[in-house]
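From a predicted model like this one, the values you see are computed outputs, not experimental measurements.
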Amino acid sequence: MGLIGFTKTLAREGAKYNIKSTAIAPIAASAMTETIMPPELLKNLSPEYVAPFVLTLCHPDAPDASGKVFEVGAGFVAELRWERSDGAIFKTDASFTPSAVKQRWNEVIDFSKPYYPAAVTDVDSVGKLEAARKLPSNPQASPEVRFDGQTVIITGAGAGLGRAYALMYGKLGANVVVNDVSEKGANAVVEEVVKAGGKAAAAICSAEDGDKIVAVALEKFGGVHVLIANAGILRDKSFQSMTKAEWDIVLAVHLRGTYKCAKAVWPIFQKQKYGRIVTTCSQVGIYGNFGQANVSVFWSRVFG
């Protein structure tokens, strides 16, 4: 997924220079596939059956496949594209709660009327906001979605999205571990959660210090049940101008930070036979975007 976002970004930035970039997902006989596939299947998965498509793309007179993704193998070639459900629009007032989302979950995942976005801008955000304003208060699922007795780690929670998560989890009964590199930001959010009647503790360090963050959760609350891997930074720069440092720091926070935190909670989740992980993917990681080649790679993460 990171390579797809990276490829799409290169395609956007290279367009005016006649630089084209395409992603392929090939299947071919190799030392790896030989360990999992039977010989009768492998004989039809010769690498030679992938090569014609790749060479076609690279010719000066090739069809325009820039920014696209293709599955290739055994003489079969097909383009992939994103499909978005029609989704659900919620009233953005105090009734927009986890219980409201649960109540309308079937609408969120309904693909009976899909559409096919190709860019971040392929959504009528203003129109949806106007529609939301005209709606009545959101209906709520019963029983209410709550997190009493559960401990939640939120990385990058000293401001923005992370702060919003922390406040809502605290309101709904969770013990909240507020992680941030900013001591001022983390402590301020902890104070907000506590003042609102919740329980919270600060873990002031980089998201890369996953073990340290989990240690705070165990020391203060005796366990951990949820990880929200939210921490992220921006170092926007065109691919031509981007420095190694601007590439590496995004990798460190977004990718390594997420890995380190997931690695730290994983044995706990395994032992208790329960865990929830939400990681964060920018739309740039889906569609690519000019000036964000580093973000397109390292914001392409999974939800589990």
If you define the side chain from C-beta out and look only at heavy atoms, does anything of [X] sit under 4.5 Å from [Y]?
{"X": "Thr97", "Y": "Asn138", "value": "no"}
{"X": "Asp93", "Y": "Ser137", "value": "yes"}
{"X": "Val177", "Y": "Phe221", "value": "yes"}
{"X": "Gln140", "Y": "Ser95", "value": "yes"}
{"X": "Val69", "Y": "Lys8", "value": "yes"}
{"X": "Asn175", "Y": "Phe147", "value": "no"}
{"X": "Lys171", "Y": "Leu167", "value": "no"}
{"X": "Met168", "Y": "Pro98", "value": "yes"}

Side chains of Asp180 and Ser182: is there a donor and an acceptor less than 3.5 Å apart?
no
For the student: nearest non-hydrogen atoms of [X] and [Y], plus distance:
{"X": "Ile213", "Y": "Ala207", "value": "CD1-CA, 4.1 Å"}
{"X": "Asp86", "Y": "Lys113", "value": "CB-O, 3.6 Å"}
{"X": "Gly170", "Y": "Val176", "value": "N-CG2, 3.7 Å"}
{"X": "Ile204", "Y": "Ala186", "value": "CG1-CB, 4.1 Å"}
{"X": "Ala200", "Y": "Val190", "value": "O-CG1, 3.7 Å"}
{"X": "Ile89", "Y": "Ala131", "value": "CD1-CB, 4.1 Å"}

Could you give the distance from [atom1] ([X]) to [atom2] ([Y]), rounded to the nearest 0.5 Å?
{"X": "Glu71", "Y": "Glu79", "atom1": "CD", "atom2": "CD", "result": "11.5 Å"}
{"X": "Lys220", "Y": "Lys199", "atom1": "NZ", "atom2": "NZ", "result": "13.5 Å"}
{"X": "Thr92", "Y": "Leu129", "atom1": "OG1", "atom2": "CG", "result": "6.0 Å"}
{"X": "His225", "Y": "Ile153", "atom1": "NE2", "atom2": "CD1", "result": "11.0 Å"}
{"X": "Ile109", "Y": "Arg104", "atom1": "CD1", "atom2": "CZ", "result": "13.5 Å"}
{"X": "Ser99", "Y": "Leu172", "atom1": "OG", "atom2": "CG", "result": "7.5 Å"}

Between Lys68 and Phe70, is the side-chain contact (heavy atoms from CB on, under 4.5 Å) condition met? List the steps.
CA-CA 7 Å; Lys68 299 183 183 234; Phe70 297 86; 3.6 Å; yes
With no hydrogens and no angle check, is any side-chain donor or acceptor of [X] less than 3.5 Å from a backbone partner on [Y]?
{"X": "Asp211", "Y": "Ala264", "result": "no"}
{"X": "Asp209", "Y": "Lys212", "result": "no"}
{"X": "Thr155", "Y": "Asn230", "result": "yes"}
{"X": "Ser21", "Y": "Ser66", "result": "no"}

Same cluster or not: are [X] and [Y] linked, directly or through other Ile, Leu, Val, Met, Phe, Trp or Tyr residues, by side-chain heavy atoms under 4.5 angstrom apart?
{"X": "Ile24", "Y": "Tyr49", "value": "no"}
{"X": "Leu218", "Y": "Ile277", "value": "yes"}
{"X": "Ile228", "Y": "Val101", "value": "no"}
{"X": "Val178", "Y": "Val194", "value": "yes"}
{"X": "Trp82", "Y": "Tyr115", "value": "no"}

Lys/Arg-Asp/Glu bridge criterion (N-O < 4.0 Å) met for Glu130, Arg133:
yes
Applying side-chain contact (heavy atoms from CB on, under 4.5 Å) to Val72 and Val54, what does each step give before you reach the verdict?
CA-CA 9 Å; Val72 190; Val54 172; over 6 Å; no
Is it true that, when you exclude Glu191 itself, more than 12 heavy atoms of the residues, nucleotides or ligands shown sit nearer than 6.0 Å to its CD?
no
Is the OH atom of Tyr116 crowded by more than 12 outside heavy atoms at less than 6.0 Å?
yes
Assess the residue pair Val181 and Ser206 against the criterion (side-chain contact (heavy atoms from CB on, under 4.5 Å)); give the C-alpha distance rounded to whole Å, side-chain angles, the decisive distance to 0.1 Å, and a yes or no.
CA-CA 5 Å; Val181 293; Ser206 168; 4.3 Å; yes
Any chance you could lay out the side-chain contact (heavy atoms from CB on, under 4.5 Å) test for Tyr169 and Val226, step after step, and finish with the verdict?
CA-CA 11 Å; Tyr169 270 114; Val226 178; 3.8 Å; yes
